[in-house]
Amino acid sequence: MDSNISKEHRVFTKFMLTILLFSFQVLGVETFKIAIYYPQVPPYMYAADDNVPQGVVPELLNAFFLGQPYQLQYVFENRQRAELGVYEGKYDATVLAAKWTIDASALLFSQPIVNHRDFLYSLKPLQQNLANLDKNSICLRRYYKYDALNIELDKGSLIRVDSDSEFDQFNMLVNQRCDLAYMNEHVATWLINNHFSTMVFHRNNVEADQADLTLALNPKWAGLKQQLDIFIKDAHRRGVIEKSLTQHMKKTK
């Protein structure tokens, strides 16, 4: 029953987005183009079977732009091209934390949407101190910056193995192509629930790092950012974002 309701909801959403897109094209309304990551990053942003963007970020933005005079357009893009596209004005925004960017001073950052903690994951019990790791290979996302691991990567106690998605990180770990994987808690939980439920993963007791997930906007949208920040704060106050995160963390199959 729930899956039928969810499917009907996605069909209705796709229908309404099509109607809105046609209406905006007729009226010549300005487009707000946001790059969301592909490979996907559930529970934050991912595509349903009909390719309609789902997750915490699209739900928040869809609600916000219902009250704005702009056409919201999603573009699936890889992490590096998404960031570069915002600097260049190709995209109006993407999902980034300031600490992950090439030049944070060139972008505007929204109020935090979600705070997450990053952990090391392994198939074996872990050394709790990063300083005690020795020649361990670690699966990381291609193009991602990992400030918490810089010292270990530079001195060679961690050996970087790049992958194209968080799913690939865990898959490579399971197939012993790396000793460790580094991932944020929400994505890891979603993957374990949906793809690796038969596996036992160990993670370190204390997070290696934490970050606020924000929208990084091109500076031309300074006025809109003020309204967006108010909307995000209100969504947190009403528990909307927490509810959305809980819902998208659940097993989807």
Write down the atom of Lys135, the atom of Gly156, and the distance for their closest heavy-atom approach.
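Smallest interatomic distance, heavy atoms only, reads CD-O, 3.6 Å.
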Might you point out which heavy atoms bring Leu217 and Ala93 nearest each other, and give the distance in Å?
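Closest approach of Leu217 to Ala93: CG-CB, 4.1 Å.
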Does a donor on one side chain sit under 3.5 Å from an acceptor on the other, for [X] and [Y]?
{"X": "Ser244", "Y": "Glu59", "answer": "yes"}
{"X": "Gln68", "Y": "Gln227", "answer": "yes"}
{"X": "Ser137", "Y": "Asp179", "answer": "yes"}

Are the side chain of [X] and the backbone N or O of [Y] linked by a donor-acceptor pair below 3.5 Å?
{"X": "Asn204", "Y": "Leu120", "answer": "yes"}
{"X": "Asp212", "Y": "Asn115", "answer": "no"}
{"X": "Ser165", "Y": "Asp168", "answer": "yes"}
{"X": "His236", "Y": "Pro112", "answer": "yes"}
{"X": "Ser157", "Y": "Asp134", "answer": "no"}
{"X": "Ser197", "Y": "Asn193", "answer": "no"}

Looking at [X], I want to see if its [atom1] is surrounded by more than 12 non-hydrogen atoms of other residues, nucleotides or ligands under 6.0 Å.
{"X": "Ile159", "atom1": "CD1", "answer": "yes"}
{"X": "Lys145", "atom1": "NZ", "answer": "yes"}
{"X": "Arg117", "atom1": "CZ", "answer": "yes"}
{"X": "Lys124", "atom1": "NZ", "answer": "no"}

Is the ring pair Phe32/Phe65 parallel, tilted or perpendicular, if the boundaries are 30 and 60 degrees?
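Tilted: the ring planes of Phe32 and Phe65 meet at 30° to 60°.
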With Tyr46 as reference, evaluate Gln40, His248, Gln54 under the side-chain hydrogen bond (donor to acceptor under 3.5 Å, both in side chains) test and give the passing residue.
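For Tyr46, the side-chain hydrogen bond (donor to acceptor under 3.5 Å, both in side chains) test succeeds with only one of Gln40, His248, Gln54, which is His248.
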For a 4.5 angstrom cut-off between non-hydrogen side-chain atoms, does [X] reach [Y]?
{"X": "Val200", "Y": "Leu123", "answer": "no"}
{"X": "Ile34", "Y": "Leu61", "answer": "yes"}
{"X": "Cys178", "Y": "Leu173", "answer": "yes"}
{"X": "Tyr38", "Y": "Asn78", "answer": "no"}
{"X": "Trp100", "Y": "Arg79", "answer": "yes"}
{"X": "Glu166", "Y": "Val41", "answer": "yes"}
{"X": "Leu158", "Y": "Tyr182", "answer": "no"}
{"X": "Tyr74", "Y": "Val57", "answer": "no"}

Is there a continuous path of hydrophobic side-chain contacts, each under 4.5 Å between heavy atoms, that joins [X] to [Y]?
{"X": "Val161", "Y": "Phe119", "value": "no"}
{"X": "Leu228", "Y": "Phe109", "value": "no"}
{"X": "Met199", "Y": "Leu180", "value": "yes"}
{"X": "Met45", "Y": "Tyr91", "value": "no"}
{"X": "Val240", "Y": "Val56", "value": "no"}

I'd like to know if Asp92 and Lys33 make a salt bridge, using a cut-off of under 4.0 Å between side-chain N and carboxylate O.
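The answer is no: the pair does not qualify as a salt bridge.
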In plain terms, say whether Lys220 and Glu30 are close enough for a salt bridge, that is, a side-chain N and a carboxylate O under 4.0 Å apart.
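Yes.
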Leu96 vs Glu83, side chain to side chain contact (heavy atoms under 4.5 Å, CB included): CA-CA, chis, key distance, verdict:
CA-CA 8 Å; Leu96 273 178; Glu83 180 179 352; 3.8 Å; yes
Is there a side chain to side chain contact (heavy atoms under 4.5 Å, CB included) between Phe64 and Leu224? Walk through the geometry before answering.
CA-CA 11 Å; Phe64 173 69; Leu224 185 69; 3.8 Å; yes
Between Asp229 and Lys233, is a salt bridge (charged side-chain N to carboxylate O under 4.0 Å, His left out) present by the stated rule, with each step listed?
CA-CA 6 Å; Asp229 285 343; Lys233 285 182 177 179; over 6 Å; no
Any chance you could lay out the salt bridge (charged side-chain N to carboxylate O under 4.0 Å, His left out) test for Asp209 and Lys99, step after step, and finish with the verdict?
CA-CA 11 Å; Asp209 200 5; Lys99 64 195 292 184; 3.1 Å; yes
Aromatic contact, [X] with [Y] (centres under 6.0 Å):
{"X": "Tyr37", "Y": "Tyr44", "value": "no"}
{"X": "Tyr121", "Y": "His202", "value": "no"}
{"X": "Trp221", "Y": "Tyr70", "value": "yes"}

Per the side chain to side chain contact (heavy atoms under 4.5 Å, CB included) rule, which among Thr189, Val187, Asn194 passes with Leu191?
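Result for side chain to side chain contact (heavy atoms under 4.5 Å, CB included) with Leu191: Val187.
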For Asp162, run the side chain to side chain contact (heavy atoms under 4.5 Å, CB included) check against Met172, Arg141, Arg142 and tell me which one passes.
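Of the listed options, the one satisfying the test is Arg142.
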Please assess Val75 against Ile36 for the test side chain to side chain contact (heavy atoms under 4.5 Å, CB included), listing each intermediate value before the final yes or no.
CA-CA 6 Å; Val75 179; Ile36 57 177; over 6 Å; no
Using the rule given for ring-ring contact (aromatic ring centres under 6.0 Å, His included), can you reason through Phe167 versus His195, listing the C-alpha separation, both sets of side-chain angles and the distance that settles it, and then say yes or no?
CA-CA 8 Å; Phe167 173 84; His195 294 288; 5.2 Å; yes
So Thr101 and Tyr87, side chain to side chain contact (heavy atoms under 4.5 Å, CB included) or not? Walk me through it.
CA-CA 11 Å; Thr101 60; Tyr87 295 128; 3.7 Å; yes
